[in-house]
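Encoded as structure tokens, the structure appears first; notes follow it.
Labels below follow one simple rule: chain letters A, B, ... track the order of the sequence lines, proteins then strands, and each chain is numbered from 1.
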4 protein chains.
Amino acid sequence: MTKTMRRWTLDTFGVNAPFSLTETDVPSPARGEVLVRTKAVSLNYRDKLMRESGMGLPVQFPFVPASDMAGIVEAVGEGVTRFAPGDRVISTFHPGWIDDKPPGNARNPPYQSLGGFYPGVLAEYVAFPEDWFVAAPTSIDDSEASTLPCAGLTAWFALVERGKIKPGDTVLVQGTGGVSMFGLQIAAAQGADVFVTSSGPEKLARAKALGARHGIDRNAEDWVEAVYRLTNDRGIDHIFEIAGGPHLGQSLKAVAVHGRISVIGVLEGFDLSGPAGPVLLKSPVIQGISVGHRRALEDFVRAVDRIGLKPVIDHRYTFSEVPAAFDHLDHGAFGKIVIEL
Amino acid sequence: MTKTMRRWTLDTFGVNAPFSLTETDVPSPARGEVLVRTKAVSLNYRDKLMRESGMGLPVQFPFVPASDMAGIVEAVGEGVTRFAPGDRVISTFHPGWIDDKPPGNARNPPYQSLGGFYPGVLAEYVAFPEDWFVAAPTSIDDSEASTLPCAGLTAWFALVERGKIKPGDTVLVQGTGGVSMFGLQIAAAQGADVFVTSSGPEKLARAKALGARHGIDRNAEDWVEAVYRLTNDRGIDHIFEIAGGPHLGQSLKAVAVHGRISVIGVLEGFDLSGPAGPVLLKSPVIQGISVGHRRALEDFVRAVDRIGLKPVIDHRYTFSEVPAAFDHLDHGAFGKIVIEL
Amino acid sequence: MTKTMRRWTLDTFGVNAPFSLTETDVPSPARGEVLVRTKAVSLNYRDKLMRESGMGLPVQFPFVPASDMAGIVEAVGEGVTRFAPGDRVISTFHPGWIDDKPPGNARNPPYQSLGGFYPGVLAEYVAFPEDWFVAAPTSIDDSEASTLPCAGLTAWFALVERGKIKPGDTVLVQGTGGVSMFGLQIAAAQGADVFVTSSGPEKLARAKALGARHGIDRNAEDWVEAVYRLTNDRGIDHIFEIAGGPHLGQSLKAVAVHGRISVIGVLEGFDLSGPAGPVLLKSPVIQGISVGHRRALEDFVRAVDRIGLKPVIDHRYTFSEVPAAFDHLDHGAFGKIVIEL
Amino acid sequence: MTKTMRRWTLDTFGVNAPFSLTETDVPSPARGEVLVRTKAVSLNYRDKLMRESGMGLPVQFPFVPASDMAGIVEAVGEGVTRFAPGDRVISTFHPGWIDDKPPGNARNPPYQSLGGFYPGVLAEYVAFPEDWFVAAPTSIDDSEASTLPCAGLTAWFALVERGKIKPGDTVLVQGTGGVSMFGLQIAAAQGADVFVTSSGPEKLARAKALGARHGIDRNAEDWVEAVYRLTNDRGIDHIFEIAGGPHLGQSLKAVAVHGRISVIGVLEGFDLSGPAGPVLLKSPVIQGISVGHRRALEDFVRAVDRIGLKPVIDHRYTFSEVPAAFDHLDHGAFGKIVIEL
């Protein structure tokens with residue numbers, strides 16, 4: 001007898017496109033696949049963009065949103081060797097990107113992620129190839145673990161895999177969203193000197209409690225001047241560019257000689273721009289970060305257990321509260337928004 | 001009895017600021033300095049910008065232009081250990097940048113180069129600290145050697161020191177100016193697959209004769225589409241961005257997944273801009289190249305001798321023809337413009 | 001009706017263990033596998049060690065020797081996406097090592113190669129998972145292509161993937177075997193300055209014809225002293241340690257400050273030894289090279305086509321001459337020994 | 001009127017060569033030099049080897065031992081720009097090694113350190129070129145600061161500059177001497193998983209209190225087997241080889257696939273040896289660490305202040321107790337031995 005399950009779907013895209021809670025059969029794991037019972041799903045800003053526009057991806061309706069989850073292996077298909085029933089796992093954002101480079105080329109850039117090109121995970125069960133999962137960390141709960149595949153790995157990839165930060169480096173994260181809070185925690189755990197820009201003393205106080213040494217209130221002062229003042233003009237070694245658009249120009253002013261700007265967000269515009277002067281004279285690396293590969297996620301999981309990193313969750317919603325969770329996403333969050341099953 | 005020498009100077013900055021050929025005393029090398037008899041001076045586009053505007057640098061008049069020279073050590077000051085009279089030497093573009101990072105910080109970027117912050121080399125003799133020079137290659141003449149400190153090192157630093165190119169990589173240079181022709185020759189000598197964009201079949205033919213495998217005529221077709229066609233959509237691993245401004249957006253379309261764009265020129269604008277999509281999805285490194293340090297110049301000199309690189313000189317002027325040489329700079333050159341003494 | 005094929009097998013290990021030419025069914029490609037018609041097999045010194053001792057690996061008899069081949073895809077199993085019938089392919093030495101690290105750990109090091117842990121390729125047909133193959137270069141013939149998976153990739157991995165050589169570096173290879181000749185050719189194609197040590201002027205002359213600039217006759221002089229003389233005491237940036245055993249101590253004397261010694265062979269002993277002085281004072285990297293991963297092999301294939309590298313083949317045997325080919329291996333070869341089908 | 005000062009000197013080398021406390025003039029800083037009043041001197045195992053044998057260096061008697069000190073700039077010579085009177089400074093172990101490579105070549109390896117090739121620092125005042133000093137950290141006292149130039153930088157150079165460790169990596173240090181304790185503290189501060197081998201539960205307990213997660217008692221069990229057990233056979237990513245000699249073979253068994261062994265000490269022998277098997281199959285990097293350059297020391301100083309690293313001092317001696325301090329060195333120390341002035 002086939003079991004059924006519930007899942008959230010969209011039948012169209014749009015700013016207010018309605019979510020439906022529908023029933024469907026629990027999938028059977030095909031050869032090489034594992035069936036995973038979802039325990040928690042974490043939302044990203046990208047899930048909001050997908051709902052609003054579909055981001056130009058070739059999607060089939062009904063569309064299941066969301067890319068990041070933690071769960072328990074319920075059953076395994078033929079030939080599966082990496083997991084067994086009962087294993088706690090998390091998803092990978094870019095299925096099939098194991099190491100080095102993701103599939104794609106200059107004309108058709110890589111974009112094959114869950115809850116986008118591939119179906120999403122906002123369902124009681126998912127059946128995917130075993131290669132799409134990674135063992136969950138043992139020191140955090142399912143909701144916390146569900147935040148690692150996209151937001152957590154993005155910060156790790158920017159700072160550690162690409163940035164190779166070391167103790168004493170200066171790191172600046174913009175705002176207090178999910179990626180920035182992971183960046184703060186990872187950088188602080190490595191002995192870096194962390195700066196956070198945000199609006200209002202409350203968020204800055206919370207960021208400092210998480211390990212930031214300097215909070216810069218954008219409402220109170222020019223953040224670039226504050227960086228000059230706080231660093232004795234030395235500037236910042238690693239900047240998370242979350243705002244994007246012309247704001248990149250500000251980061252170019254704040255970056256240290258031979259520093260690094262990781263372009264992560266585009267909240268202020270899809271067209272990046274900035275003056276050539278600091279690009280030439282200070283020679284920073286400007287690099288887009290598109291999450292990261294599975295090998296780095298495995299490194300990150302090991303590190304999470306080792307350094308005792310506790311992902312920052314703003315609010316935990318129940319499975320029935322998905323629409324409210326997306327509303328929350330609209331208003332911004334301090335850290336992550338999670339849906340528990 | 002003090003000897004005198006001739007040198008070219010500017011007494012003001014401006015598009016048509018006049019050059020004067022004046023006499024002055026041959027300097028004596030102070031402690032730690034060497035006196036070098038100039039044999040050849042190579043011009044760069046930056047020398048044109050300096051003449052026109054002074055580039056905001058704190059300059060004293062009369063100002064001696066130009067940064068790149070080859071010459072022969074005539075005399076050494078007390079305590080000099082690196083050179084002896086008779087040694088063939090070339091200048092370094094950023095005096096004092098020995099390795100790692102140049103002096104400067106986030107607020108005040110590094111900018112201390114010859115013929116700018118420091119006096120230039122368009123004189124029959126110069127006396128500078130011994131640390132400001134490097135032994136010249138033995139396989140090329142003085143005029144050729146004079147082109148290495150800025151244009152040559154810029155290409156080497158972008159491709160080898162930063163880019164770590166390897167055989168089989170694709171490299172694209174824009175236009176046929178000095179840096180691009182060095183980039184072409186260095187890349188070809190390392191077994192890379194070189195693409196050149198230019199206008200008109202003549203220049204492309206000359207570029208191919210120097211080792212480029214693909215010439216793309218910008219007058220005849222969209223160069224990004226040509227790259228897709230010629231690389232089977234794979235794109236370019238290393239791009240020299242010479243045009244700058246919004247043209248960076250074109251390079252972002254042409255760059256391969258995880259490729260590299262070295263920002264070198266700003267012919268089309270001082271404000272760099274481009275879409276965030278390829279920055280995020282293809283994760284290229286975008287990095288300004290501001291020439292390079294002395295250790296890399298020493299590596300490059302060794303390589304020039306080893307691979308038999310012959311710098312491309314468009315025209316050799318005599319010392320009395322300096323105004324004509326600057327006019328040539330205005331109209332663009334195929335490779336380098338050199339003044340011989 | 002099942003087709004049959006011939007293959008060479010061993011029924012026991014030993015210095016003179018006899019090879020048998022036996023008939024068996026042509027295998028059918030299972031799901032995910034490709035059936036490849038063998039065109040050429042290249043032998044390595046390791047094949048001799050396997051025949052003699054089995055190298056402690058868990059092997060089933062009859063055992064098919066050899067790891068390196070080139071061939072043509074004859075048929076593909078269900079679900080195969082990377083290859084189609086008619087494609088020219090080469091094998092990978094470590095099946096399943098795609099990128100980063102091979103499977104294995106501190107206690108049980110990686111060792112899962114073809115013609116060892118896995119069956120070998122000395123057969124008219126092989127059926128292996130599609131992931132175990134790479135597209136062959138287009139500019140060389142099948143026999144030449146068959147030499148890339150082990151000897152060629154070892155040299156590429158040591159010099160390019162690990163060593164990141166650049167023009168002007170000094171590279172020394174010991175002897176004129178397969179890996180050394182690949183090292184010579186790759187290094188010369190990148191503008192490095194290549195030294196070869198060998199016995200007798202004939203081999204040195206052939207090595208110079210292939211691109212080496214310096215030949216050192218070990219019978220005529222102490223090779224380390226020759227290196228000092230030829231490099232002005234600077235030493236060698238990259239050394240291929242082929243002799244192994246206590247000979248490592250010689251390489252430690254010859255290596256440049258911050259140079260690199262790639263440990264590849266153990267002809268003079270399984271116990272490496274050398275003085276701590278140069279290890280501490282010159283801080284070279286000493287690194288064992290165990291062939292390399294598939295991604296690097298793909299890079300290498302692209303480079304072979306680009307730089308026009310022609311693998312050096314000492315002798316081409318027919319399929320019936322396999323015992324003679326192994327005899328040749330016993331006596332040493334200049335470059336590679338290949339068996340053509 | 002010339003001031004006089006006291007200093008410790010040797011007039012001969014030998015296991016029991018006597019130290020003399022002698023008077024001499026306080027030196028005047030020449031052009032480019034600074035005069036530094038010594039506040040603390042830290043001893044290294046190398047100081048013991050120098051006393052016993054002179055290590056083959058061209059030394060003049062009376063010889064002032066020791067390389068590592070912290071002090072206060074008392075006066076500056078003409079042309080000094082990096083320091084002013086009153087600045088707290090520490091010495092650099094290899095004077096003149098600013099970045100990249102130290103002076104030296106294959107035949108004559110770099111060896112120009114203080115208290116060896118150059119005179120030492122066991123004196124109330126020293127006058128050296130300003131380039132030989134680095135600003136001291138602000139968060140630790142003079143005695144603690146004096147331990148950074150050799151022992152501290154060696155550990156930092158091995159783990160961070162060369163090893164690029166990241167959170168979650170495994171690090172093993174041998175014994176509880178100065179370099180090992182720095183390695184433990186730096187690795188723990190970066191979220192690495194630290195293993196210490198030592199003899200007896202007391203030292204292991206102290207090491208754990210400093211941040212090690214695993215202590216292995218060499219008297220109680222085979223340390224390599226313990227590593228296998230504690231890491232689930234994965235092995236160690238970074239090993240500090242302090243014992244040297246044939247003990248390297250043990251480290252080769254314990255190292256992870258693609259791990260790193262930093263060769264630092266030679267307590268068990270000057271001839272390093274080990275089996276080729278794990279060198280080839282696991283491809284670790286084996287690299288001698290000879291302290292490090294000034295730029296890395298500056299990075300380390302910044303990190304010390306940032307991560308709150310407190311160097312471990314076994315005992316603080318007064319200036320009159322130098323012979324006792326050297327006796328202590330003979331018997332081994334937990335961390336560092338310092339002489340305060």
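Of the two parts of B:Lys253, only the backbone, made up of N, CA, C and O, holds a non-hydrogen atom closer than 4.5 Å to a non-hydrogen atom of chain A. Contacts between A:Pro275 and chain B at a heavy-atom distance below 4.5 Å involve backbone atoms as well as side-chain atoms. With a 4.5 angstrom heavy-atom cutoff, B:Asp100 touches chain A only via backbone atoms. Heavy-atom distances place the backbone of B:Ile264, and not its side chain, under 4.5 Å from chain A. Contact annotation for B:Arg260: neither backbone nor side-chain heavy atoms come within less than 4.5 Å of a heavy atom of chain A. Both the backbone and the side chain of B:Pro110 come within less than 4.5 Å of a heavy atom of chain A.
Residues A:His258 and B:Pro102 share a closest heavy-atom pair of NE2-CD, 3.6 Å. Contact record, B:Pro109 with A:Lys282: CB-CG, 3.6 Å, taken as the closest heavy-atom pair. Between B:Ala106 and A:Ala254, the shortest heavy-atom contact is CB-O, 3.8 Å.
Of all the listed residues (A:Gly277, A:Gly245, A:Gly274), the one sharing the greatest number of non-hydrogen pairs under 4.5 Å with chain B is A:Gly274. Interface check for chain B: of the options A:Asn108, A:Asp233, A:Leu281, the most heavy-atom pairs under 4.5 Å are formed by A:Asp233. Chosen from A:Gly244, A:Ser290, A:Gly235, the residue pairing most often with chain B at heavy-atom distances under 4.5 Å is A:Ser290. Your options are B:Val285, B:Thr231, B:Val291, and the one with the most heavy-atom pairs under 4.5 Å with chain A is B:Val285. Comparing A:Val257, A:Asn232, A:Val227 by how many heavy-atom pairs each has under 4.5 Å with chain B, the most go to A:Val257.
Using a 4.5 Å heavy-atom cutoff, the side chains of A:Arg107 and B:Glu225 are in contact. By the 4.5 Å heavy-atom criterion applied to side chains, A:Ile289 and B:Leu280 are not counted as neighbours.
Checked by atom type and distance alone, the side chain of B:Ser283 pairs as donor or acceptor with a backbone atom of A:Gly288 at under 3.5 Å.
Evaluated for a side chain to side chain contact (heavy atoms under 4.5 Å, CB included) with A:Val279, the options B:Ile286, B:Val266, B:Leu272 yield exactly one hit, B:Leu272.
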